[in-house]
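Let me begin by presenting the structure, written as structure tokens, before commenting on it.
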Amino acid sequence: MTTTGRFTIPSEEHFADETKRLAELWGADAIRNSDGTHLDEAVERLGKKIYSAYFPTRAHNEWISLHMDETPQVYLLTQRVLAEADTVTVDLMERFYAEQLQPNRDADPHRYWEVVDRTTGEVVDPERWDFDAEHDAVTIRGSEAMHEYTVSFLAYIIWDPVEMYNHLTNDWGDKEHEIPFDIYHPATRDFVFRTFGQWLKDNPQTDVVRFTTFFYQFTLIFDQKHREKIVDWFGCACTVSPRALDDFEALHGYRLRPEDFVDEGCYNSTWRIPRKAQHDWIAFLATFVRANVKKLVDETHAAGKEAMMFLGDQWIGTEPYMEGFDELGLDAVVGSVGDGTTLRMIADIPGVRYTEGRFLPYFFPDTFHEGNDPSIEGLDNWRKARRAILRSPISRMGYGGYLSLAAKFPKFVDTVTAIADEFRDIHERTGGKPAEGELNVAILNCWGRMRSWMAFTVAHALPNQQTYSYYGILEALSGMRVNVRFISFDDVLERGVDDDVDVIINAGPERTSFSGGDVWRDPRLVSTIRRWVRGGGAFVGVGQPTSSDWQGRFFQLADVLGVDQERFQTLSVDKYWPAVTDANFITEEATDVDFGEPILNVYPIDEDVTLLDVKDGRVRLAANDYGRGRGVYISGLPYSAANARLLERALFYASRNEDRYAAWSSTNPECEVAHFPERHLYCVVNNTDQMQTTRVQRADGAIDDFTLAPSAIAWQELE
């Protein structure tokens, strides 16, 4: 029997009868429109809560087409051009998409642009270059032959990147391109609020305004072949304007360079170690954005409606884990659920009344086409999310896209029916409370709490060869029986390590914001953590943790971890390895462990370290006693059931909690246990599409046996 509630269904024009049928099947209590769709009056009369997507800074070409100097802008870095004589010309738009971007020919280029000799790193005197506005080219005089040159220039964004993506994906043909606009300009800001006020009056049927999102798009730039060229889900590149730059200078007393945005072509990737200018711009932008978001939210509430923010698209400046987010007064946040990590990113957000996940697949033709079975992706997405929901439940779930496409796939319709019922059943049984966590784990990096559950990400939930060895840590933790927090190096330097932290994890490649870079040269940081571990703390390093070439060491906490990495400086110093240990708590269940991309030349610093896995002359797994505490080194950890089990055992071992491990653990790594002591029950989930068997040991030592169907969940009441 279908239960009802906690479910949002998308709809579209001329689809009222099927919307009603599917809403009943899926137990939907809310209906939303998607980008490019509208709801029929018959759908609005179904008695469901109505979500209306609202785009504050697009879909009004009648305004912005008359004010094209008030579109958002971005600093772009040209291709490197080799000078072969004393004059060289740089084509600004080479390899950029002219339908999306247009050079700013209005503001003084010699004030706001920059030409750099990339061979020397020197800025070229503005008197030595000229801008040809007719051909969008810069000619540099007095150039050095065989030196490379670039131009960092301001460009208008003349096609909204998300609407553009949807336009191209769905082949919307000659549909008018939606031009975005920047509310930093007073006239456009006034238009935005006047337009929203009128929209509230014109849409009395709307119960929830789903802001998608607010003002500034994350960095999403396309090339001349319509392919993604620069993507950073956290990027602030698309937030600049001459007016904002001048105001920043007046406030902070120094002027930002174009280089502070293009960043040698890295565009301030979240992987880069953040600099003062970047921190200052983020704070400057967030202050402006939040003041205006608060105004929209207040107007929404005054109209008797709820305000919901979509976690994506134009979300820059509203990062939900930054201080002050709860002051916006938002009722809810909704986000796309790609896996357990992104589920936790949404579910853990503080300061809102409820959270909602938009599950996959999106009802678009790239998935819903003849010959494909979308139910496979639907169940895979649900299994990944479910293990995280048990640890931190979202309040609601739903889907997006074209319902008419999904309706053509009966198997998928049945799959969603089962998923929705199971989601509501979890809430009913647990009271919407999280399962018990047995250890407190802190992820240590440059960003700390500000990027909770966002570490190691480039684009939302998309795999990347260079990141998967680290992202797997978060995915494993998202459904693990531990409590997770995110702390920064500044937190440790200012306050030390919180008394209730059991394990610190530092992970990432060298010279990134996640491993930390030269912050590890600060003696206060290393001594604080050493003292904490020696007193009984646990430190787990993954990849190139604590790495910085300093005083003959690369891993600055090599003494804690028991290993270091040879940097080809001490090849003449012999290194003697202890034998690999077969029997250890960490590897007791280790099968098919994948250590990801290799970290070369990791070696034991002495013969006291416990080596647990070595391949081709490099340490992949090691443990080390350090006073009353322990260190553990892992070279990489892509997500898999086996790897999650290895990490879990490493956390219990490093914190000397081996005796607590067996209770509420599954003997089968493909199955996980969630214990709800206040509700006197626990559940076991099968995280695969195959039947699984497992045993679970209770706290009193009693054993329960389970045979679980594919994707199944089994509940057990406790006396």
Side-chain angles (χ1 to χ4, degrees), residues 7-23 25-40 43-44 46 48-55 58-59 160-173 175 178 208 210-213 308 310-313 334-339 342-343 346 356-382 384-385 394 396-417 419-420 423 459-462:
F7 191 96
T8 305
I9 188 174
S11 187
E12 59 195 271
E13 297 94 334
H14 314 304
F15 209 65
D17 290 342
E18 274 293 273
T19 299
K20 180 180 179 181
R21 181 182 75 87
L22 293 174
L25 272 177
W26 294 346
D29 60 345
I31 301 178
R32 60 163 286 208
N33 66 322
S34 300
D35 192 7
T37 70
H38 301 278
L39 301 181
D40 290 336
V43 169
E44 294 172 347
L46 290 177
K48 313 292 184 184
K49 205 173 195 177
I50 299 298
Y51 290 16
S52 294
Y54 191 80
F55 308 92
R58 65 175 169 105
D160 181 86
V162 173
E163 197 267 345
M164 171 185 159
Y165 171 83
N166 291 340
H167 194 295
L168 297 174
T169 300
N170 293 289
D171 193 21
W172 285 347
K175 179 181 180 296
E178 293 187 5
V208 180
R210 184 183 185 274
F211 290 102
T212 314
T213 303
M308 172 182 280
F310 176 62
L311 186 63
D313 297 358
V334 59
S336 177
V337 177
D339 50 22
T342 50
L343 187 286
I346 301 163
E356 180 171 322
R358 188 192 72 193
F359 284 67
L360 297 176
Y362 206 66
F363 302 167
F364 269 8
D366 54 347
T367 299
F368 288 83
H369 57 80
E370 186 176 352
N372 194 35
D373 182 359
S375 65
I376 296 174
E377 182 180 350
L379 276 172
D380 179 66
N381 183 246
W382 170 243
K384 291 174 181 176
I394 52 172
R396 300 179 55 82
M397 68 171 297
Y399 291 85
Y402 298 113
L403 190 62
S404 57
L405 287 177
K408 297 176 181 178
F409 293 80
K411 183 180 177 183
F412 177 77
V413 170
D414 291 342
T415 297
V416 173
T417 302
I419 289 172
F423 176 72
H460 188 278
L462 295 179

Check whether the ring centres of Tyr402 and Phe368 lie less than 6.0 Å apart, and answer yes or no.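 Here the rings of Phe368 and Tyr402 have centres that are no less than 6.0 Å from each other.
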Taking the six-membered ring for Trp, are Phe363 and Phe409 closer than 6.0 Å centroid to centroid? no
Looking at Asp17 and Arg21, is there a salt bridge between them, counting it only when a charged N and a carboxylate O are closer than 4.0 Å?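 Looking at Asp17 together with Arg21, the answer is no, because their closest N to O distance does not fall below 4.0 Å.
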For [X] and [Y], which heavy atoms make the closest approach, and how far apart are they?
X      : Y      : value
Thr19  : Ile31  : CG2-CD1, 4.1 Å
Thr367 : Glu377 : CG2-OE1, 3.7 Å
Met308 : Glu356 : CE-OE1, 3.7 Å
Asn381 : Gly338 : ND2-O, 3.5 Å
Asp29  : Arg396 : OD1-NH2, 2.8 Å
Val43  : Ser11  : CG2-OG, 3.8 Å

Kindly indicate whether the side chain of Val416, heavy atoms from C-beta on, has any atom under 4.5 Å from the side chain of Phe7. yes
Using a 4.5 Å cut-off on heavy atoms from C-beta on, say whether the side chain of Ile419 contacts that of Met397.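 Heavy-atom side-chain distance check passes, below 4.5 Å.
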Expected output: side-chain [X] to main-chain [Y] donor-acceptor under 3.5 Å:
X      : Y      : value
Glu18  : Ala407 : no
Asn170 : Phe364 : no
Asp339 : Lys384 : no
Asn33  : Pro10  : no
Thr213 : Phe310 : yes
Lys48  : Ala28  : yes
Trp172 : Met164 : no

Can you tell me how far the [atom1] atom of [X] sits from the [atom2] atom of [Y], to the nearest 0.5 Å?
X      : Y      : atom1 : atom2 : result
Tyr362 : Asn166 : OH    : CG    : 6.5 Å
Thr417 : Leu25  : OG1   : CG    : 4.5 Å
Leu39  : Tyr51  : CG    : OH    : 12.5 Å
Ile394 : Leu343 : CD1   : CG    : 5.0 Å
Lys49  : Arg32  : NZ    : CZ    : 15.0 Å
Ile50  : Thr8   : CD1   : OG1   : 10.5 Å

Other residues, nucleotides, ligands: >12 heavy atoms within 6.0 Å of Lys408 NZ: no
Side chain to side chain contact (heavy atoms under 4.5 Å, CB included) assessment of Val413 paired with Trp26: CA-CA 8 Å; Val413 170; Trp26 294 346; 3.8 Å; yes
Going by side chain to side chain contact (heavy atoms under 4.5 Å, CB included), name the residues that satisfy it together with Ser336, two or more places apart in sequence or in a different chain. Arg358, Leu360, His460
Does Phe55 have any ring-ring contact (aromatic ring centres under 6.0 Å, His included) partners at least two apart in sequence or in another chain, and if so, which?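 Once residues adjacent in sequence are excluded, Phe55 has no partner under the ring-ring contact (aromatic ring centres under 6.0 Å, His included) criterion.
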The criterion is salt bridge (Lys or Arg N to Asp or Glu O under 4.0 Å); which residues satisfy it with Arg58, sequence neighbours excluded? Asp35, Asp160, Glu178
